[in-house]
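Below is one structure, written out as structure tokens; comments come after it.
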Amino acid sequence: MPHVTAVAHRGDPYRVRENTLASLRSALDRGADAVEIDVRLTRDGVPVLLHDETLKRLWEHDRPLRSLSWEEVRGLTDDGVPALAEALAATDGSRVMIDLPGTPDVGAARRIVDTVRGSGARDRVYYCAGAPAMLAVRAADPSAEIALTRTTLAPPRAGLLDVIRPRWLNYRFGLVDRALAGRVHRGGHLLSVWTPDTRRAMRRLLALGADSVTTNRIDVLCALRDGPGRR
């Protein structure tokens with residue numbers, strides 16, 4: 001059976017606060033092949049790890065990230081929100097999937113791509129999000145590895161695929177069935193899915209031939225993938 005890439009969604013969030021260095025390390029310690037992180041820019045253009053537009057849910061400060069400098073973010077979170085460069089250093093040697101939850105323009109995408117390049121991590125980083133964000137990444141880095149996120153069963157337009165040139169098509173797990181998996185593979189793409197957290201869902205996706213599974217329960221996924229009869 002082909003190896004399935006086990007991707008830890010925002011690290012190990014059931015045990016450690018998501019998108020923190022400790023969460024990323026915990027996920028890798030539990031067997032993750034890759035970690036998925038969310039990256040946004042501060043007011044002064046520093047790429048940092050944060051899924052939401054504000055600090056409210058995780059850090060109890062109802063302040064939009066885009067209104068804060070990097071130094072202000074560090075102070076409000078007691079250095080809890082890492083810069084992308086710090087996260088890349090902490091995951092040295094491991095694959096990193098960078099999700100862009102906003103819709104960055106080419107300039108913002110270039111800042112993120114330049115940080116990856118400056119960290120010496122270009123060969124182990126890939127990017128995921130919807131078409132607008134991935135178009136910006138492709139414009140910033142013609143050779144970037146891309147997982148184009150899909151939230152509908154409608155096939156992506158051929159023209160869009162020609163421009164973005166994704167290696168992966170990244171689907172919400174509930175959309176995936178045998179027909180979709182077959183269509184993705186016949187089109188020459190790898191199938192990435194997100195974010196099943198039950199054993200039943202994970203088993204189904206492994207049986208369907210998913211090439212990568214992103215989950216909040218990385219230890220459960222690794223145990224199912226690597227259990228008897230799965231290798």
Side-chain angles (χ1 to χ4, degrees), residues 3-40 47-59 65 80-84 86-88 90-102 112 116 121 124-130 133-134 137 145-151 166-176 184 190-206 208 210-226:
H3 182 77
V4 178
T5 301
V7 183
H9 187 237
R10 307 179 192 171
D12 193 11
Y14 283 11
R15 294 183 176 86
V16 187
R17 189 170 359 208
E18 68 182 52
N19 279 321
T20 61
L21 298 184
S23 194
L24 303 184
R25 293 187 181 111
S26 179
L28 293 171
D29 287 345
R30 293 179 186 278
D33 299 312
V35 292
E36 183 263 4
I37 59 177
D38 303 287
V39 176
R40 294 178 180 269
V48 300
L49 274 59
L50 191 70
H51 176 270
D52 301 351
E53 293 182 353
T54 77
L55 299 175
K56 176 65 175 176
R57 177 173 63 90
L58 291 177
W59 303 98
L65 180 67
V81 172
L84 173 58
E86 294 173 323
L88 293 173
T91 58
D92 186 29
S94 298
R95 292 269 280 163
V96 177
M97 175 191 278
I98 295 179
D99 190 7
L100 303 179
I112 294 168
V116 171
R124 61 186 178 92
V125 164
Y126 57 125
Y127 303 85
C128 74
M134 293 301 93
V137 168
E145 182 179 348
I146 284 176
L148 177 62
T149 296
R150 304 291 297 165
T151 57
R167 183 184 183 199
W168 308 78
L169 294 183
N170 186 39
Y171 279 88
R172 185 187 297 274
F173 78 95
L175 295 174
V176 178
V184 169
L190 296 173
L191 174 61
S192 172
V193 297
W194 52 278
T195 26
D197 286 343
T198 66
R199 287 177 173 82
R200 179 179 180 181
M202 293 177 194
R203 288 190 187 100
R204 184 179 72 85
L205 293 162
L206 292 172
L208 289 174
D211 301 291
S212 174
V213 177
T214 301
T215 180
N216 294 298
R217 302 177 70 195
I218 194 64
D219 52 341
V220 174
L221 173 61
C222 289
L224 289 173
R225 181 196 63 181
D226 300 335

For a 4.5 angstrom cut-off between non-hydrogen side-chain atoms, does [X] reach [Y]?
X: Leu49; Y: Arg10; answer: no
X: Pro196; Y: Arg204; answer: no
X: Ile37; Y: Ile98; answer: yes
X: Thr195; Y: Glu36; answer: no
X: Arg225; Y: His3; answer: yes
X: Thr20; Y: Leu58; answer: no
X: Leu100; Y: Met134; answer: yes
X: Leu65; Y: Glu53; answer: no

From [X] [atom1] over to [Y] [atom2], what is the distance, rounded to the nearest 0.5 angstrom?
X: Thr151; Y: Asn170; atom1: OG1; atom2: CG; value: 10.5 Å
X: Leu50; Y: Trp59; atom1: CG; atom2: CH2; value: 9.0 Å
X: Tyr127; Y: Asp99; atom1: OH; atom2: CG; value: 12.5 Å
X: Met97; Y: Trp194; atom1: CE; atom2: CH2; value: 11.0 Å
X: Thr5; Y: Leu190; atom1: OG1; atom2: CG; value: 8.0 Å
X: Ser192; Y: Arg167; atom1: OG; atom2: CZ; value: 11.0 Å

Can you give me the closest heavy-atom contact between [X] and [Y], atom names plus distance?
X: Val4; Y: Ala210; answer: CG2-O, 3.5 Å
X: Ser23; Y: Pro13; answer: OG-N, 3.9 Å
X: Leu148; Y: Gly130; answer: CD1-C, 3.9 Å
X: Leu21; Y: Pro82; answer: CD2-CB, 3.7 Å
X: Asp38; Y: Asn19; answer: OD2-ND2, 3.0 Å
X: Leu88; Y: Val116; answer: CD1-CA, 3.9 Å

Pairs under 3.5 angstrom only: tabulate donor-acceptor contacts from the side chains of residues 25-32 to other protein residues two or more places apart or in another chain.
{"residue": "Ser26", "atom": "OG", "partner": "Asp12", "partner atom": "OD2", "Å": "2.6"}
{"residue": "Arg30", "atom": "NE", "partner": "Asp12", "partner atom": "OD2", "Å": "3.1"}

Verdict with supporting geometry, Val48 and Glu86, side chain to side chain contact (heavy atoms under 4.5 Å, CB included):
CA-CA 9 Å; Val48 300; Glu86 294 173 323; over 6 Å; no

Check for a donor-acceptor pair, side chain of [X] on one end and backbone N or O of [Y] on the other, with a separation under 3.5 Å.
X: Arg40; Y: His51; result: yes
X: Arg217; Y: Asp197; result: yes
X: Arg203; Y: Leu224; result: no

If you apply the rule side chain to side chain contact (heavy atoms under 4.5 Å, CB included), what do you find for Arg15 with Asp219, and how did you get there?
CA-CA 11 Å; Arg15 294 183 176 86; Asp219 52 341; 2.6 Å; yes

Stepwise side chain to side chain contact (heavy atoms under 4.5 Å, CB included) test for Leu175 and Arg150:
CA-CA 9 Å; Leu175 295 174; Arg150 304 291 297 165; 5.8 Å; no

Just to verify, what does Arg95 make a side chain to side chain donor-acceptor pair (under 3.5 Å) with, not counting sequence neighbours?
Glu145

Contacts of type side chain to side chain donor-acceptor pair (under 3.5 Å), residue Ser212, not counting sequence neighbours
none

More than 12 heavy atoms of other residues, nucleotides or ligands under 6.0 Å from CZ of Arg172: yes or no?
no

